[in-house]
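Taking it in order: structure first as structure tokens, then the write-up.
All values reported here derive from a predicted model rather than from experimental measurement. Nothing fancy with the numbering, it's 1 onward along the sequence.
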Amino acid sequence: MTEIVGSHDLLLVTLDTLRYDVAQELAAAGRIPNLARHLPGGTWERRHAPGSFTYASHQAMFAGFLPTPAAPGPHPRLFAARFAGSESTATGTFVYDTPDLVSGLAAVGYRTVCVGGVGFFNKQGPLGSVLPGMFQESHWEPEFGVASPTSFEAQVTCAEKVVADLPADQPLFLFVNVAALHQPNWFHLPGATKEAGDTRESHAAALEYVDRHMGRLLAAVSARRPCLAIVCSDHGTAYGEDGYTGHRIGHDVVWTVPYAHFFVDEAR
């Protein structure tokens with residue numbers, strides 16, 4: 001990251017609530033081609049989330065604690081605040097002297113932009129303003145939120161405008177919190193009804209919906225210079241496993257998340 005920061009734009013996409021098992025199944029079945037073509041080896045990396053719900057997980061990620069590889073460590077981190085005794089800060093880690101990654105990137109010249117999705121990014125109250133308030137520029141509207149069947153395509157349109165409006169020499173850190181996977185997601189599954197509610201199958205259909213528009217987002221962020229993209233989930237969610245539903249619980253389907261990082265550029 002010490003060589004990438006400054007020369008590349010940076011994209012962080014959190015596919016909010018996406019389960020690892022569903023993500024991996026869809027990649028293997030060829031159901032998310034736009035994402036799978038960028039995944040190393042065509043598969044997601046299995047990682048552990050830094051939190052069991054959106055607010056906690058994003059506070060950790062914005063402090064440099066991305067999902068941790070699901071194997072014994074320590075694992076070198078891409079980003080880290082400077083502090084003594086860190087076992088996961090390595091030679092190539094981008095180290096910043098601010099409290100969080102967002103301000104750390106701003107301090108070295110990046111324009112930091114948030115395109116919010118779920119309620120913790122809606123800026124409709126003090127709590128929903130904390131995370132987007134870390135960025136120099138933030139965007140949210142109801143069409144980006146969990147109740148919108150067209151949330152991700154609306155977010156991508158916003159991101160395209162953000163990129164188009166930037167000066168050519170201005171490096172960008174773009175963060176997109178994708179709300180489409182989060183409940184309610186029943187409307188992404190053909191034939192599903194509100195009365196039947198959300199299911200693992202509608203969760204999968206929501207990921208297919210996101211994939212259909214992911215190419216636009218990756219094309220936008222790589223239009224000006226090479227970009228490093230980090231795409232991951234912040235936590236999973238339960239659909240009845242062991243009697244659990246939802247997240248903010250300590251179940252394996254909540255803590256286990258998909259992760260990938262890769263380069264994108266205009267040529268690709």
Side-chain angles (χ1 to χ4, degrees), residues 12-49 51-54 57-58 67 70 115 117-119 143-156 176-218 229-249 251-262:
L12 172 59
V13 177
T14 52
L15 301 171
D16 204 293
T17 317
L18 176 60
R19 292 167 53 129
Y20 170 79
D21 55 356
V22 171
Q24 194 72 302
E25 287 169 14
L26 266 60
R31 292 171 60 184
I32 49 171
N34 291 311
L35 277 165
R37 67 189 290 260
H38 292 282
L39 303 178
T43 63
W44 296 94
E45 183 181 355
R46 182 175 181 266
R47 292 203 173 194
H48 292 146
S52 63
F53 71 109
T54 300
S57 191
H58 282 82
V115 179
V118 304
E143 194 176 356
F144 298 173
V146 297
S148 170
T150 57
S151 60
F152 187 54
E153 54 207 280
Q155 290 180 299
V156 173
V176 183
N177 172 254
V178 178
L181 284 302
H182 195 283
Q183 296 91 334
N185 55 45
W186 61 269
F187 41 71
H188 290 295
L189 182 65
T193 64
K194 183 177 181 179
E195 291 69 28
D198 301 327
T199 62
R200 194 177 185 278
E201 289 71 30
S202 63
H203 186 82
L207 181 57
E208 290 181 294
Y209 159 70
V210 169
D211 186 74
R212 289 195 291 273
H213 301 278
M214 184 60 70
R216 283 177 54 205
L217 178 60
L218 296 179
I230 301 167
V231 182
C232 63
S233 177
D234 56 339
H235 58 80
T237 198
Y239 287 102
E241 290 84 4
D242 300 312
Y244 290 104
T245 299
H247 39 273
R248 202 162 57 85
I249 55 176
H251 196 281
D252 187 62
V253 297
V254 173
W255 287 111
T256 308
V257 295
Y259 174 95
H261 66 247
F262 48 84

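Counting heavy atoms from C-beta on, the side chains of His203 and Leu18 come closer than 4.5 Å. Contact annotation: the side chain of Ile230 approaches that of Tyr259 to within less than 4.5 Å [non-hydrogen atoms, C-beta and beyond]. Looking at heavy atoms from C-beta onward, Val146 lies out of side-chain contact with Ser151 at the 4.5 angstrom threshold. Side-chain contact between Tyr209 and Asn185 is absent, with no heavy-atom pair separated by less than 4.5 Å. Using a 4.5 Å cut-off on side-chain heavy atoms (C-beta onward), Glu153 and Arg216 make contact.
Looking at residues two or more places apart in sequence or on another chain, you find no salt bridge (charged side-chain N to carboxylate O under 4.0 Å, His left out) involving Glu201.
Using modelled atom types, one finds a donor on one side chain and an acceptor on the other under 3.5 Å when comparing His247 with Thr237.
More than 12 non-hydrogen atoms from other residues, nucleotides or ligands lie less than 6.0 angstrom from CZ of Phe262.
Using modelled atom types, no side-chain atom of Asn177 and backbone atom of Leu15 make a donor-acceptor pair closer than 3.5 Å. Although no hydrogens or angles enter the test, the distance criterion places a donor-acceptor pair under 3.5 Å between the side chain of Thr256 and the main chain of Asp252. Here the side chain of Gln183 pairs no donor or acceptor atom with the backbone of Gly197 at under 3.5 angstrom.
Rounded to the nearest 0.5 angstrom, Leu181 CG and Thr17 OG1 are separated by 6.5 Å. Atom-to-atom distance recorded for Phe187:CZ and Ser148:OG is 7.0 Å, nearest 0.5 angstrom. Atom CG of residue Leu207 and atom OG of residue Ser202 lie 12.0 Å apart, to the nearest 0.5 angstrom. Expressed to the nearest 0.5 Å, how far CZ of Phe53 lies from CG of Asp234 amounts to 10.5 Å.
In terms of heavy atoms, Leu35 sits closest to Trp44 at CD1-CZ2, 4.1 Å. Between His188 and Ala205, the shortest heavy-atom distance links the atoms O-CB, 3.3 Å. Of all non-hydrogen atoms in His235 and Asp16, the two that sit nearest each other are NE2-OD1, 3.5 Å. Considering every non-hydrogen atom in both Ala192 and Trp186, the closest pair reads CB-O, 3.3 Å. What you find for Val257 and Gly236 is that their closest heavy atoms are CG1-N, 3.9 Å. Minimum heavy-atom separation, Gly145 to Ala179: C-CB, 3.9 Å.
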Exercise for review: Please step through side chain to side chain contact (heavy atoms under 4.5 Å, CB included) for the pair Leu217 and Phe152, ending with a clear verdict.
Suggested key: CA-CA 10 Å; Leu217 178 60; Phe152 187 54; 4.1 Å; yes

Practice item. Start with the C-alpha gap between Arg47 and Tyr20, add the side-chain angles, then the distance that decides, and say whether side chain to side chain contact (heavy atoms under 4.5 Å, CB included) holds. Key: CA-CA 8 Å; Arg47 292 203 173 194; Tyr20 170 79; over 6 Å; no

Exercise for review: Could you check Ile32 against Met214 for side chain to side chain contact (heavy atoms under 4.5 Å, CB included), going step by step and ending with a plain yes or no?
Suggested key: CA-CA 10 Å; Ile32 49 171; Met214 184 60 70; over 6 Å; no

Check your understanding: Given Asp21 and Arg200, is the side chain to side chain contact (heavy atoms under 4.5 Å, CB included) satisfied, shown in steps?
Key -> CA-CA 10 Å; Asp21 55 356; Arg200 194 177 185 278; 3.2 Å; yes

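Results of the side chain to side chain donor-acceptor pair (under 3.5 Å) test with Arg19 over Glu241, Glu25, Gln24 single out Glu241 as the only residue that passes.
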